[in-house]
Visitor: 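Provided herewith is a single structure, encoded as C-alpha cells, for subsequent inquiry.
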Amino acid sequence: MNSSVMTRLLSLNAGFVDTVGFLGLQGLFTAHVTGNFVTLAAGFVYGPHGTIGKILALPEFIGAVAVARLVGAALTARGLPTLTILLGVEAVFLAAFLALGAIYGPFPNSDVVPALAAGFAGVTAMALQNAMQRVHFPGEPPTAIMTNNTTQAVLDGVDLLRRAAPPEVRGRFLRTARSIVWFAGGCAAAALLYYLVQFWSLVLPVAIAMAIVIARLREPNADASKPV
C-alpha cells in the first residue's frame, strides 16, 4: 500500500470520525482544533453542554502529538516499524471510540465521563494521524486539514488555468483535490451511517485502519524509510 492510497483512506477516516464526533458528542471536532474553538465560544452563548470536552480537546490533541513524536523517535532509534506501530495505536483508539460510543451512547450530555472518554479516544486517534502525516509522508496533502487543502487546490488550479504553474503543480493539484473528495466522502458516509446506527457506524473507520495496518505488515519493506 503506497502513501497515496493510504492517505486517501486516512482522509476518508478523518472526515468520518470528525463527523461522528460532531454529531454524537455535541459539536466536538476530533480531527482538528479550530472548530472546537468556535463551538466552545458558541456554547457559552447557547448552552453549556459539551463545554468540558471542547476545553479538554486542545490539551488532549497537543499531548497526543507530543507523545507520538517521542514514541516515534524511540521506535525509529530501535529500528522498529514506526509508522506501522503508530497506525496500529490509532486503530486501537478508534476501536475505543467505537466501544465507548456504542456501549454508553447516545449522549444527551457529552460532559459525562463516558462521553469525555469517547471524545478523548477520538481526538487522540486523529491527533496521531495528523502527526504521522506530517512526519512520515509530508509530500502528501494533509488528511484532516481541509482548509489548507482547499486553499492550495484553488491556488494551484488558478495557476494551471493561466498556464503559469511549473510541471509539478499539476500532480500536487490532483493529490490535493483527491484528499478533499475523500474527506468529503467520509463526512457524507458518516452522516448517513450515524443516522442509521449511531456510534456503531465507527466500525467502518476501525476496519479501514486495521486493513491499512495489516497491509503494511504484509509488506516487509513498508517502513524502509524511517523518519525520526
Side-chain angles (χ1 to χ4, degrees), residues 1 5-32 34-36 38-40 42-43 46-47 49-54 56-57 60-61 87-130 142-147 149-150 177-215:
M1 181 179 291
V5 173
M6 184 166 60
T7 52
R8 294 178 208 178
L9 294 173
L10 291 176
S11 291
L12 186 147
N13 264 13
F16 198 106
V17 174
D18 219 18
T19 302
V20 170
F22 187 87
L23 293 172
L25 296 172
Q26 297 181 331
L28 177 68
F29 289 97
T30 58
H32 64 284
T34 307
N36 288 323
V38 175
T39 55
L40 176 61
Y46 291 110
H49 293 313
T51 300
I52 297 175
K54 296 180 183 70
L56 293 176
E60 289 169 359
F61 195 96
L87 286 166
V89 174
E90 179 185 348
V92 170
F93 276 104
L94 288 175
F97 189 16
L98 162 62
L100 289 164
I103 294 171
Y104 297 104
F107 300 108
N109 178 6
S110 60
D111 284 338
V112 298
V113 172
L116 293 173
F120 171 80
V123 168
T124 301
M126 291 297 99
L128 288 173
Q129 182 168 310
N130 274 281
T143 58
I145 309 174
M146 293 305 114
T147 302
N149 282 349
T150 302
R178 282 196 296 262
S179 180
I180 295 169
V181 169
W182 280 80
F183 185 92
C187 293
L192 175 61
L193 291 176
Y194 186 86
Y195 175 77
L196 295 174
V197 293
Q198 296 185 329
F199 282 98
W200 283 107
S201 60
L202 288 167
V203 167
L204 178 61
V206 170
I208 290 173
M210 292 177 63
I212 293 172
V213 173
I214 292 169

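We count residues from 1, following the sequence as given.
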Visitor: Among residues at least two apart in sequence or on other chains, which ones pass ring-ring contact (aromatic ring centres under 6.0 Å, His included) with Phe29?
Guide: Phe22, His32
Visitor: Show the numbers, then the answer: is there a side-chain contact (heavy atoms from CB on, under 4.5 Å) between Asn13 and Ile212?
Guide: CA-CA 11 Å; Asn13 264 13; Ile212 293 172; 5.6 Å; no
Visitor: Quick one: CG on Leu116 to CZ on Phe107, what's the gap to the nearest 0.5 Å?
Guide: 9.0 Å
Visitor: Can you sort out the partners of Phe120 under ring-ring contact (aromatic ring centres under 6.0 Å, His included), two or more places apart, ordered by chain and number?
Guide: none
Visitor: Got a second to check how far Thr143's OG1 is from Arg8's CZ, nearest 0.5 Å?
Guide: 14.0 Å
Visitor: Which residues pass the side chain to side chain contact (heavy atoms under 4.5 Å, CB included) test with Val92, not counting sequence neighbours?
Guide: none
Visitor: Kindly write out the residues that satisfy side chain to side chain donor-acceptor pair (under 3.5 Å) with Thr7, not counting sequence neighbours, or none if the list is empty.
Guide: none
Visitor: For a quick test of reading the model, state the closest non-hydrogen atom pair linking Met126 to Val17 and the distance between them.
Guide: CG-CG1, 4.1 Å
Visitor: What heavy-atom pair brings Ala31 and Ala14 nearest, and what distance separates the two atoms?
Guide: CB-O, 4.2 Å
Visitor: What residues, two or more places apart in sequence or in another chain, satisfy side chain to side chain donor-acceptor pair (under 3.5 Å) together with Arg178?
Guide: none
Visitor: Which pair of heavy atoms, one from Val123 and one from Phe61, lies closest together, and at what distance?
Guide: CG1-N, 3.9 Å
Visitor: So which heavy atom on Ser11 is nearest to which on Pro142, and how close?
Guide: OG-O, 4.4 Å
Visitor: Listed by chain and number, what are the side chain to side chain contact (heavy atoms under 4.5 Å, CB included) partners of Ile180, not counting sequence neighbours?
Guide: Met146, Asn149, Thr150, Ala153, Thr176
Visitor: Starting at NZ of Lys54, measure out to CG of Asp111 and round the result to the nearest 0.5 Å.
Guide: 7.5 Å
Visitor: Search all heavy atoms of Ser110 against all heavy atoms of Gln26 and return the closest pair with its distance.
Guide: OG-OE1, 2.8 Å
Visitor: Could you check if a side-chain atom of Val89 sits within less than 4.5 angstrom of a side-chain atom of Thr124, using non-hydrogen atoms only?
Guide: no
Visitor: Could I get the full list of side chain to side chain contact (heavy atoms under 4.5 Å, CB included) partners for Leu100, not counting sequence neighbours?
Guide: Tyr104, Ala117, Ala118
Visitor: For residues 188-204, please give each side-chain donor-acceptor pair under 3.5 Å, one per line with the distance, not counting sequence neighbours.
Guide:
| residue | atom | partner | partner atom | Å |
| --- | --- | --- | --- | --- |
| Ser201 | OG | Gln198 | O | 2.7 |

Visitor: Which heavy-atom pair separates Leu10 from Gln129 by the least distance, and what is that distance?
Guide: O-NE2, 2.8 Å
Visitor: Output, in order, the C-alpha distance, side-chain angles, deciding distance and verdict of side-chain contact (heavy atoms from CB on, under 4.5 Å) for Thr30 and Val20.
Guide: CA-CA 9 Å; Thr30 58; Val20 170; over 6 Å; no
Visitor: Which value, rounded to the nearest 0.5 Å, describes the distance between Asp18 atom CG and Leu28 atom CG?
Guide: 8.5 Å
Visitor: Going by side-chain contact (heavy atoms from CB on, under 4.5 Å), Met210 matches just one of Val213, Ile208, Val206. Which one?
Guide: Val206
